[in-house]
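We count ligands from 1, going down the list as the structure has it; atoms in each ligand are counted the same way. FYI, the numbering just counts along the sequence from 1.
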Amino acid sequence: MENEIHSQLSILNSQLFFTMNFPIDKLRSLPTPLYYYDVELLRRTAQAAKTEADRYGYHVHYALKANANAPLLRILSGMGIGADCVSGAEVQRAIDCGFAPQSIAFAGVGKRDDEINLGIDHGIFTFNCESEQELEVINELAKAKGKVAQVALRINPEVDAHTHAHITTGTAENKFGINLWQLNEVAKKATQMSHLKLISIHFHIGSQITEVEPFIELCKKVNELQAQLEKIGVTVEHVNVGGGLGVEYSNPDEHLIPDFAGYFSAINKNIQLRAGQKLHVELGRSIAAQCGALITKCLYVKELQKKNFVIVDAGFTDLIRPALYGAHHRIENLTSASTEKKSYDVVGPICESSDTFDKNIALPHTQRGDLLAIRTAGAYGEVMASQYNLRTLPKAYYSDKI
Ligand code: LLP
């Protein structure tokens, strides 16, 4: 019954229905392409996540990998959200932007010694460790400093997130985490290392998950694994179930704020926490995706016999998700006054045919100079930009400073 109710995690939150507004006149005066961030939407989204997590006393860590822009991070740290980092530079950025070191989880399958040392120096919340060798290295580095590092075991729970293969992380075929067959041995060793304190178990099954079942399956796995570890005398104060909650890419304005209520309630109903145990999540996309858009200008329109191309000044260097994952981002013409719709392929200027944002989409009649918004680009947009073709990285503009 429960599963039926939650069988589709509705990413619609109708009570908070509002649309994203673009300051078109101001955008017209700025060099394109550019990233535009609606900071009020970020605030509302993060507040919705926090409010729903607070209901159960859960801790939200924001995954900086989704978007690490300082003005956005300052908003999030100011709301009492923790951080989830995957590099030393992200740990430093989080600290510089006001996140408490004690709220920083540091994950990643390949942490360098200098990155580990940075975390030890700041006394971060946890190093989410992915192998026995990594535990040994952190133990040695902590010992050399006369400190004790807090660690989590990142466990590969073998739960299929049913998402894109490039962003599935929790199955046996993956490079991530400690495999189930090694878990008891590695956990025991971790508790015996003199300069480590094993305080948490950590999981992350994938990203852009829009159904609730994988999260329920994960919770059930966590319950089993906790019981398994307790049998060998290993207990932890914290359980971190990672990130992964998806967002609506097709009609962002209809579902601007993800269903955090459904997500946290599903966790709450299915996870069995021990007395005093604290639950953590690491949300990236669901917090940052909708507040950002890539704004680009139409350079040329090519009308061929079979196809029409809108050639814009943004390329996959500025938003790689369509080229890399075949992802669809809604594209809107912000300035066309036309009521006539036409079918277009929207492509960038880069010399590769994968530099295509979308194919055969209906847009109002589009002409040179029109401004287009490629929506839901706040997460994994700007952070994944490159300078291929010696292109300049676009600038970011914020709704409260524009
Ligand atoms: N925690 C860990 C350990 C992760 O690996 C990730 C994302 C997160 C948290 C945050 O997940 P989120 O809540 O954002 O789903 N570039 C890809 C997404 C890669 C996600 C990698 N890990 C994309 O554009 O779809």
Side-chain angles (χ1 to χ4, degrees), residues 9 11 42 45-46 49 53 59-68 72 76 81-87 90-91 94 104-111 125-130 134 152-157 159 161-171 174-178 200-211 214-215 218 239-249 258-260 263-264 267 280-292 294 316 318-329 357 374-386:
L9 186 65
I11 28 195
L42 177 74
T45 309
H59 298 266
V60 178
H61 299 250
Y62 168 67
L64 267 77
K65 64 165 77 68
N67 187 313
L72 305 183
L76 298 173
I81 287 175
D84 164 42
C85 300
V86 284
S87 67
E90 280 192 3
V91 170
I104 299 177
F106 181 10
V109 67
K111 302 177 190 77
F125 169 54
T126 51
F127 291 90
N128 297 350
C129 296
E130 309 228 1
E134 184 188 338
L153 295 182
R154 174 169 181 177
I155 304 171
N156 180 346
V159 170
H162 303 294
T163 182
H164 192 284
H166 289 192
I167 49 179
T168 292
T169 50
T171 59
N174 243 285
K175 71 174 175 183
F176 297 104
I178 293 160
S200 175
I201 47 176
H202 172 239
F203 305 83
H204 175 75
I205 54 174
S207 199
Q208 184 52 17
I209 300 169
T210 54
E211 290 166 0
F215 295 118
L218 172 62
V239 174
N240 181 341
V241 292
L245 179 63
V247 299
E248 167 66 60
Y249 281 95
D259 182 12
F260 295 112
Y263 168 72
F264 285 114
I267 293 177
H280 301 252
V281 295
E282 303 169 338
L283 300 176
R285 186 190 318 261
S286 53
I287 290 180
Q290 299 294 14
C291 77
L294 174 60
F316 69 49
D318 314 310
L319 177 66
I320 202 170
R321 303 194 68 261
L324 191 57
Y325 314 115
H328 292 279
H329 285 248
F357 287 111
I374 306 182
R375 301 285 307 272
T376 320
Y380 306 112
E382 189 174 357
V383 278
M384 294 180 80
S386 77

- Side chain, backbone, both or neither: which part of Ile209 comes within less than 4.0 Å of ligand 1 when only heavy atoms are counted? neither
- Which of the atoms of ligand 1 are close to Leu283, meaning less than 4.0 Å from one of its heavy atoms? 13 (O)
- Task: Go through the steps to decide whether Phe125 and His61 satisfy the test ring pair (Phe, Tyr, Trp, His ring centres under 6.0 Å), and finish with yes or no.
- Result: CA-CA 11 Å; Phe125 169 54; His61 299 250; 5.7 Å; yes
- Query: Just by distance, do the side chain of Tyr380 and the backbone of Gly284 share a donor-acceptor pair under 3.5 Å?
  - Reply: no
- pair His59-His280: side-chain heavy atoms closer than 4.5 Å: yes
- Say whether Ser207, considering both its backbone and side-chain N or O atoms, lies within less than 3.5 Å of an N or O atom on ligand 1. yes
- Quick one: which ligand 1 atoms are inside 4.0 Å of a heavy atom on Met384? 16 (N)
- Query: Does any N/O atom on Gly284 come nearer than 3.5 Å to any N/O atom on ligand 1?
  - Reply: yes
- For Ile287 and Val60 the tightest heavy-atom approach is CD1-CG1, 4.1 Å
- Message: I want to check something: taking the side chain as every heavy atom from C-beta on, are Val247 and Thr210 in contact at a cut-off of under 4.5 Å?
- Response: no
- Item | ligand 1 to Ser286 polar contact by distance, N or O atoms, under 3.5 Å | no
- Query: Under 4.0 Å from ligand 1, counting heavy atoms only, is it the side chain of Arg321, its backbone, both or neither?
  - Reply: side chain
- Item | Atoms in ligand 1 with a heavy atom of Arg285 nearer than 4.0 Å | 12 (P), 13 (O), 14 (O), 18 (C), 23 (C), 25 (O)
- Could you pull out, from Glu130, Arg154, Lys65, the option with a heavy atom nearest to atom 4 (C) of ligand 1? Lys65
- Message: So, regarding Ala63 and ligand 1 (criterion: nitrogen or oxygen to nitrogen or oxygen, under 3.5 Å), is there a contact or not?
- Response: no
- Query: What atoms of ligand 1 come closer than 4.0 angstrom to any heavy atom of Asp84?
  - Reply: 1 (N), 9 (C)
- Task: Taking the side chain as every heavy atom from C-beta outward, state whether Met384 and Leu324 have any pair of such atoms under 4.5 Å apart.
- Result: yes
- Near Glu282 (heavy-atom distance under 4.0 Å), the atoms of ligand 1 are 1 (N), 2 (C), 3 (C), 9 (C), 10 (C), 13 (O)
- Message: Taking the six-membered ring of Phe106 as reference, does the cationic atom of Lys111 (NZ for Lys, CZ for Arg) lie under 6.0 Å from its centre and within 45° of its axis?
- Response: yes
- Would you name the heavy atoms of Ala46 and Ile81 that are closest together and state the gap between them? CB-CD1, 3.9 Å
- Which atoms of ligand 1 are found less than 4.0 Å from any heavy atom of Gly243? 9 (C), 13 (O)
- Item | Pair His328 and Tyr249, ring centroids less than 6.0 Å apart | no
- Message: Just to be sure I'm reading this right: ignoring hydrogens, which of Gly244, Ala107, Ala161 gets closest to atom 12 (P) of ligand 1? Compare them by their nearest heavy atoms.
- Response: Gly244
